Amino acid sequence: MRMEAWAQAAKEWAGARRRLRRTSAETSEPVCAFVYDLQGLKKHVSDTVGRLPAYCRMYYAMKANSDARLLTVIRPGVHGFEAASIGEVRKAREVDPDVPVIFGGPGKTDEELQQALRLGVERIHVESLHELRRLCYFADTLGLDITILLRINLPIELPQATLQMGGRATQFGMQESELHEAAAILAGQNRVRMAGFHLHNISNQLDAEAHLKLMEQYITWSRHQRELFGLSKIIVNAGGGIGVNYRQLDRQFDWYRFTEGLQRLGREHAEGVQLDFECGRYLTAFCGVYVTEVLDIKRNYNKAFAILRGGTQHFRLPVSWKHNHPFEVVPVESWPFPFPRPGIEHEKVTLVGQLCTPKDVFATDEPVRRLQCGDLVLFVLAGAYGWTISHHDFLSHPHPDMVYY
Ligand SMILES: *Cc1c(COP(=O)(O)O)cnc(C)c1O
């Protein structure tokens, strides 16, 4: 949905919510909800995945948003789901018992590795030599076969990324220098089949050309390692990390240019390579908004604050990324009280939630034309890493409604 459509939908929904409030004493709750556009999601996933060349596949990284309603919509548009815990593997299977699931993440427990083998996941991404040894052991004792990718933390510098997962010291993957030992471990067993590499060095990449260069580096490096593992074909999982621009909404990652480049890369460099993506943010960020009501407006030490229903316990993304989250004011005409309505005009305002901590901030010193108590504030790009990453029960406020269009 476009911004105007979101605003309209939020207004209609808030109106319905208020009518309900008037007819029932119990529902005196102010507006506060995540609203998802399922049709928009379906179209975005299909447009995005539809542009990939034939040697590429798309998985959805469930951790961005594992809401079952969203998963059901995404499922037909992608090759499979990427799960980062056994909990996510189970959620995936509830949506579709046959969906291919790849299982990654650091710190897999013995129980998780055995469950993954029993549940027949498509692949496991192995993050360390110790994990590799344990997996070989369990595959052997359970008598179950499994395909794996080795997650390698490649020494590639990525200065422009918001979050760097590799190319420097992080907890992810193993080092290039451990490859020979990995090959030796794998040579001594026959249940675990190594099929390629998992390389997810970057998060929130906004530059399509830079990302293409990275893909080329991933592919070239992976092809060089084939001999060591006796592989003619190889899977390269390039992770997720396609970014969403929260600062300039009209300057998003150029997926068209990226996929054009992938076509070229496929012709020139990718013989014998299956290139997999596991995107989270880029697939679901656009389909959701967090909409909430202004409870109070006040001035403190010459700064204007708007206190909103809910808070970062619902929507932690702006705090975790330390940014001002983009929003739109949806004016509401009605005012129920006989006394004046607090408001500001042509002023900068800091938008906060109800939590008793000064860190409960969505945006600082943002100019607004007009904002009044009872208006709605609509935070866009809230479909990924919103509700899912938040500490829901801090202060025991009610959870937001979940609304699906
Ligand atoms: C988080 C994560 C993803 C998804 O990343 P996005 O930035 O949401 O696309 C994919 N793969 C791995 C291993 C991850 O940790």
Side-chain angles (χ1 to χ4, degrees), residues 41 44-45 48-49 52 56-67 70-71 74 77-89 92 100-108 112 116 121-128 131 148-154 156 158 160-167 170-174 196-208 210-211 214-215 218 235-246 252-253 255 258-259 275-288 316-317 320-321 323 381-389:
L41 173 64
H44 176 65
V45 170
T48 303
V49 180
L52 285 175
C56 300
R57 294 185 299 203
M58 177 66 81
Y59 292 81
Y60 171 59
M62 292 173 67
K63 77 167 190 276
N65 192 328
S66 59
D67 183 314
L70 271 67
L71 294 179
I74 295 167
V78 294
H79 182 77
F81 289 151
E82 188 256 356
S85 70
I86 279 295
E88 285 190 347
V89 175
V101 179
I102 50 181
F103 179 33
K108 301 179 194 78
E112 281 184 308
V121 300
E122 189 187 30
R123 284 199 305 273
I124 296 179
H125 301 150
V126 176
E127 297 244 358
S128 76
E131 188 178 306
I148 63 160
L149 302 184
L150 296 177
R151 181 166 184 184
I152 310 296
N153 182 345
L154 280 189
I156 296 174
L158 302 152
Q160 74 282 32
T162 318
L163 272 187
Q164 207 176 322
M165 328 290 287
T170 65
Q171 66 270 55
F172 305 113
M174 46 187 111
F197 297 99
H198 182 281
L199 308 157
H200 172 75
N201 262 25
I202 188 172
S203 192
N204 213 38
Q205 168 72 276
L206 291 170
D207 182 338
H211 209 55
L214 185 64
M215 296 303 105
Y218 283 176
I235 298 174
V236 179
N237 184 317
I242 305 295
V244 166
N245 196 337
Y246 298 101
Q252 296 301 335
F253 183 91
W255 186 255
F258 180 63
T259 48
L275 184 62
D276 286 353
F277 295 95
E278 43 185 37
C279 292
R281 189 184 308 276
Y282 190 71
L283 293 184
T284 48
F286 302 99
C287 82
R316 198 169 71 86
L317 178 63
S320 89
W321 283 55
H323 71 204
L381 304 178
Y385 302 108
W387 175 246
T388 343
I389 64 160

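All figures in this text were calculated on a predicted structure; none of them were measured in a lab. We count ligands from 1, going down the list as the structure has it; atoms in each ligand are counted the same way.
The contact set between ligand 1 and Tyr385, taken as ligand atoms under 4.0 Å from a residue heavy atom, comprises 1 (C), 4 (C), 5 (O), 6 (P), 8 (O). For ligand 1, the atoms sitting less than 4.0 Å from at least one non-hydrogen atom of His198 are 13 (C), numbered in the order shown with element in parentheses. Within ligand 1, counting atoms from 1 as listed, the ones closer than 4.0 Å to a heavy atom of Gly280 are 4 (C), 6 (P), 8 (O), 9 (O). Shown in contact with Cys279 at under 4.0 Å from a heavy atom are these atoms of ligand 1, numbered in order with element: 9 (O). In the vicinity of Gly240, heavy-atom distances shorter than 4.0 Å reach the ligand 1 atoms 9 (O), 10 (C). Heavy-atom contacts of Ser203 reach the following atoms of ligand 1: 7 (O) (cutoff under 4.0 Å). For ligand 1 and Arg281, the ligand atoms under 4.0 Å from any heavy atom of the residue are 6 (P), 8 (O), 9 (O). Ligand 1 places these atoms under 4.0 Å from at least one heavy atom of Arg151: 13 (C).
The backbone N or O of Arg151 lies less than 3.5 Å from no partner atom in the side chain of His200, so there is not a single donor-acceptor pair. At least one donor-acceptor pair under 3.5 Å links the side chain of Asn201 to the backbone N or O of Leu154. At distances below 3.5 Å, at least one donor-acceptor pair connects side-chain atoms of Lys108 with backbone N or O atoms of His125. Counting only distance, with no hydrogens or angles, the side chain of Tyr59 and the backbone of Ala83 share no donor-acceptor pair below 3.5 Å. Remark: side-chain polar atoms of Asn245 are not paired, donor with acceptor, to backbone N or O of Phe253 under 3.5 angstrom.
For the pair Ile242 and Arg281, the minimum side-chain heavy-atom distance is 4.5 Å or more. Side-chain atoms of Ile102 and Asp276, non-hydrogen and from C-beta on, never get closer than 4.5 Å to each other.
Nearest to atom 2 (C) of ligand 1 by heavy atom, out of His200, His125, Lys63, is Lys63.
Given atom 12 (C) of ligand 1, the protein heavy atom at minimum distance is Glu278 OE2, 3.4 Å. Of all protein heavy atoms, the one closest to atom 6 (P) of ligand 1 is Gly241 N, 3.4 Å.
Residues Tyr385 and Trp321 keep their aromatic ring centres 6.0 Å or farther apart.
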